[in-house]
Novice: 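Please see the structure below; I have some questions.
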Amino acid sequence: MIQMTNIMKRFGDKTVLSDVNFHVEGGEIFGLIGPSGSGKTTIINILTGQFPPDSGKYQVGATSKQIGLMLEEDGLYSRLTTAENLNLFAGIYGVPKSKVQRALRNVGLGNDLKTPVAKLSKGMRQRLVLARAILHDPKILFLDEPTSALDPGTARGIHKLILSLRDQGATIFLTTHNMEEAVDLCDHVALLHQGKIVEHGSPKAICEKHNSYKTVPDLGSVFLKMTGVTVE
């Protein structure tokens, strides 16, 4: 469904991605794990066509209208209500406005249709951005640290929705620096360090590979062992 082969990307004299290779199967949750500045968002930007790589090839098995996207910059209109924000995107996606209420209910904002975005908490804004990303029932969903800065209860609700979307057939590409989140959600993960994929596989298989006793330690400990970098 998604594949990168020998991808390299530079910004000026800085190499952000170097010989990146991985693939994502259809209908799975794939986690790209790494600390801030490791190149996670750059990979999403390439895969969604926001800028090209300097070398290498990539493939995404969906059209632009079949892709849902949730980035750090939410792009919401603060003076409009939650429903008005989604109505605008419903028109762009060409989907019935009846889906707006459904999307808001799915993220727990069903009682906030008339609430201006300016009055939403950080967690509620995150959920609204997710509602916008799933409004058109995307085939592939890109989520860039979707639970960053959220309280544990709100994060668990987002996790439940992500798993539900996977069970309905969506392919989900998730970036995170939270190891516990990756283990709970992801079928496969890739560990990204300084623009390079240093490991790729299921969380359990990666942990067992780097543990001589073949038990399953914390994935964060494996990443630290391999790179010397601590992630949450």
Side-chain angles (χ1 to χ4, degrees), residues 29-38 40-45 47-48 50 64-138 140-166 168 170-182 184-186 231-232:
I29 300 176
F30 177 87
L32 184 62
I33 302 172
S36 297
S38 58
K40 301 189 302 296
T41 301
T42 300
I43 286 177
I44 284 186
N45 286 337
L47 289 173
T48 55
Q50 297 182 65
S64 59
K65 289 187 176 181
Q66 295 174 313
I67 291 174
L69 183 61
M70 180 181 180
L71 295 178
E72 184 177 359
E73 296 295 328
D74 60 38
L76 297 172
Y77 297 96
S78 296
R79 294 184 180 182
L80 301 182
T81 67
T82 61
E84 288 169 341
N85 267 270
L86 293 199
N87 281 334
L88 287 175
F89 284 90
I92 294 172
Y93 292 139
V95 300
K97 290 186 178 181
S98 60
K99 288 190 174 183
V100 167
Q101 292 189 24
R102 184 194 68 175
L104 290 171
R105 286 196 303 270
N106 283 343
V107 299
L109 295 176
N111 294 325
D112 297 283
L113 275 70
K114 297 182 179 180
T115 302
V117 168
K119 294 185 178 181
L120 299 179
S121 67
K122 169 67 173 177
M124 294 172 76
R125 288 180 72 106
Q126 286 280 84
R127 284 185 277 158
L128 179 57
V129 176
L130 182 55
R132 185 181 66 195
I134 66 175
L135 181 62
H136 57 305
D137 300 317
I140 298 177
L141 186 59
F142 290 94
L143 304 177
D144 193 7
E145 300 192 1
T147 61
S148 176
L150 298 185
D151 64 88
T154 301
R156 283 193 296 271
I158 296 295
H159 289 174
K160 184 177 179 180
L161 178 57
I162 290 172
L163 290 169
S164 175
L165 292 168
R166 189 269 314 270
Q168 294 172 40
T171 300
I172 299 171
F173 187 103
L174 169 77
T175 73
T176 183
H177 57 262
N178 186 317
M179 292 298 185
E180 183 178 353
E181 179 172 73
D184 289 345
L185 291 179
C186 298
V231 293
E232 296 181 4

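Computation of the quantities below employed the complete heavy-atom set of this structure, encompassing side-chain atoms and omitting hydrogens, waters and symmetry-equivalent molecules.
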Novice: Do you know which two heavy atoms are closest between Leu141 and Leu69, and how far apart they sit?
Specialist: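 Leu141 and Leu69 have their closest heavy atoms at CD1-N, 4.3 Å.
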Novice: Show me the side-chain donor-acceptor pairs of residues 147-155 shorter than 3.5 Å, one per line, residues at least two apart or across chains.
Specialist:
from   : atom 1 : to     : atom 2 : distance (Å)
Thr147 : OG1    : Glu181 : OE2    : 2.4
Asp151 : OD1    : Gly153 : N      : 3.1
Asp151 : OD1    : Thr154 : N      : 2.9
Asp151 : OD1    : Thr154 : OG1    : 3.2
Asp151 : OD2    : Thr154 : OG1    : 2.7

Novice: Step by step, would you call Leu174 with Leu32 a side chain to side chain contact (heavy atoms under 4.5 Å, CB included)?
Specialist: CA-CA 6 Å; Leu174 169 77; Leu32 184 62; over 6 Å; no
Novice: In plain terms, say whether Arg132 and Asp74 are close enough for a salt bridge, that is, a side-chain N and a carboxylate O under 4.0 Å apart.
Specialist: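 Judged by the 4.0 Å cut-off on N to carboxylate O distance, Arg132 and Asp74 do not form a salt bridge.
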Novice: Can you sort out the partners of Leu88 under side chain to side chain contact (heavy atoms under 4.5 Å, CB included), two or more places apart, ordered by chain and number?
Specialist: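 Expected list: Tyr77, Leu80.
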Novice: At what distance, to the nearest 0.5 angstrom, does CZ of Arg127 lie from NZ of Lys122?
Specialist: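 If I round to the nearest 0.5 Å, the distance is 12.5 Å.
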Novice: Only counting residues at least two apart or in another chain, list the ones meeting ring-ring contact (aromatic ring centres under 6.0 Å, His included) with Tyr93.
Specialist: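 For Tyr93 the ring-ring contact (aromatic ring centres under 6.0 Å, His included) partners, ignoring immediate neighbours, are His136.
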Novice: Hey, what do you get for CD1 (Ile162) to CG (Leu130), rounding to the nearest 0.5 Å?
Specialist: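 Reported value, rounded in 0.5 Å steps: 6.5 Å.
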Novice: Looking only at heavy atoms, what is the nearest atom pair of Pro138 and Gly68, with distance?
Specialist: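 For Pro138 and Gly68, the tightest heavy-atom pair comes out as CB-N, 3.3 Å.
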Novice: Should Asp184 and Arg156 be marked as a salt bridge (Lys or Arg N to Asp or Glu O under 4.0 Å) after you check the CA-CA gap, both sets of side-chain angles, and the distance that decides it?
Specialist: CA-CA 10 Å; Asp184 289 345; Arg156 283 193 296 271; over 6 Å; no
Novice: Just how far is it from atom OG1 of Thr175 to atom CE of Met70, taken to the nearest 0.5 Å?
Specialist: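 Reported value, rounded in 0.5 Å steps: 10.0 Å.
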Novice: Counting only N and O atoms by type, is there a donor-acceptor contact under 3.5 Å from the side chain of Ser164 to the main-chain atoms of Lys160?
Specialist: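 No; zero donor-acceptor contacts below 3.5 Å.
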Novice: Checking Asp112 now: which residues fulfil side chain to side chain contact (heavy atoms under 4.5 Å, CB included) with it, not counting sequence neighbours?
Specialist: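 Checked Asp112 against side chain to side chain contact (heavy atoms under 4.5 Å, CB included); matches are Leu109, Thr115, Met124.
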Novice: Would you please test Thr171 and Phe30 for side chain to side chain contact (heavy atoms under 4.5 Å, CB included) and show each step?
Specialist: CA-CA 8 Å; Thr171 300; Phe30 177 87; over 6 Å; no
Novice: Using 0.5 Å steps for rounding, measure from the CD1 atom of Ile172 to the CG atom of Leu185.
Specialist: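 The CG atom of Leu185 is 8.5 Å from CD1 of Ile172, to the nearest 0.5 Å.
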Novice: Tell me the closest heavy-atom pair linking Lys97 and Ala90, and the distance in Å.
Specialist: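 Smallest heavy-atom distance, with atoms named: CG-CB, 4.3 Å.
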Novice: Where do Leu47 and Phe142 come nearest, in terms of heavy atoms and distance?
Specialist: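 Smallest interatomic distance, heavy atoms only, reads CD1-CE2, 3.8 Å.
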Novice: Is there a donor-acceptor contact under 3.5 Å from the side chain of Thr176 to the main chain of Ala182?
Specialist: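 No: the side chain of Thr176 does not pair with the backbone of Ala182.
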Novice: Checking side chain to side chain contact (heavy atoms under 4.5 Å, CB included) for the pair Gln50/Thr41: CA distance, chi angles, key distance, verdict?
Specialist: CA-CA 11 Å; Gln50 297 182 65; Thr41 301; over 6 Å; no
Novice: Got Leu71 and Thr48 here, is their nearest side-chain heavy-atom distance under 4.5 Å?
Specialist: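 Side chain of Leu71 against side chain of Thr48, heavy atoms only: no contact under 4.5 Å found.
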Novice: How long is the straight-line distance from CG of Asn87 back to OG1 of Thr82, given to the nearest 0.5 Å?
Specialist: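 One finds 9.0 Å between OG1 of Thr82 and CG of Asn87.
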Novice: What's the shortest heavy-atom distance between Phe89 and Leu135, and which atoms?
Specialist: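 So the two residues come closest at C-CD2, 4.1 Å.
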Novice: Not counting sequence neighbours, which residues clear salt bridge (Lys or Arg N to Asp or Glu O under 4.0 Å) with Arg105? List them please.
Specialist: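 Per chain and number, Arg105 pairs via salt bridge (Lys or Arg N to Asp or Glu O under 4.0 Å) with no residue.
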Novice: Crowded around Gln101 CD? As in, over 12 foreign heavy atoms under 6.0 Å?
Specialist: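 At most 12 heavy atoms, drawn from other residues, nucleotides or ligands, come within 6.0 Å of this atom.
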Novice: Does Leu128 form a side chain to side chain contact (heavy atoms under 4.5 Å, CB included) with Val107? I'd like the steps, not just the answer.
Specialist: CA-CA 7 Å; Leu128 179 57; Val107 299; over 6 Å; no
Novice: Does a side-chain N-to-carboxylate-O contact under 4.0 Å join Lys114 and Glu84?
Specialist: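 The answer is no: the pair does not qualify as a salt bridge.
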Novice: What are the two closest heavy atoms between Lys40 and Pro35, and how far apart are they?
Specialist: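 Closest heavy-atom pair between Lys40 and Pro35: NZ-O, 3.1 Å.
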Novice: How far does CG of Leu161 sit from CD1 of Ile134, to the nearest 0.5 angstrom?
Specialist: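 Interatomic distance, Leu161 CG to Ile134 CD1, rounded to 0.5 Å: 5.0 Å.
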Novice: Going by the rule side chain to side chain contact (heavy atoms under 4.5 Å, CB included), which residues pair with Pro116 if we only count those two or more places apart in sequence or in a different chain?
Specialist: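 So Pro116 forms a side chain to side chain contact (heavy atoms under 4.5 Å, CB included) with Lys119.
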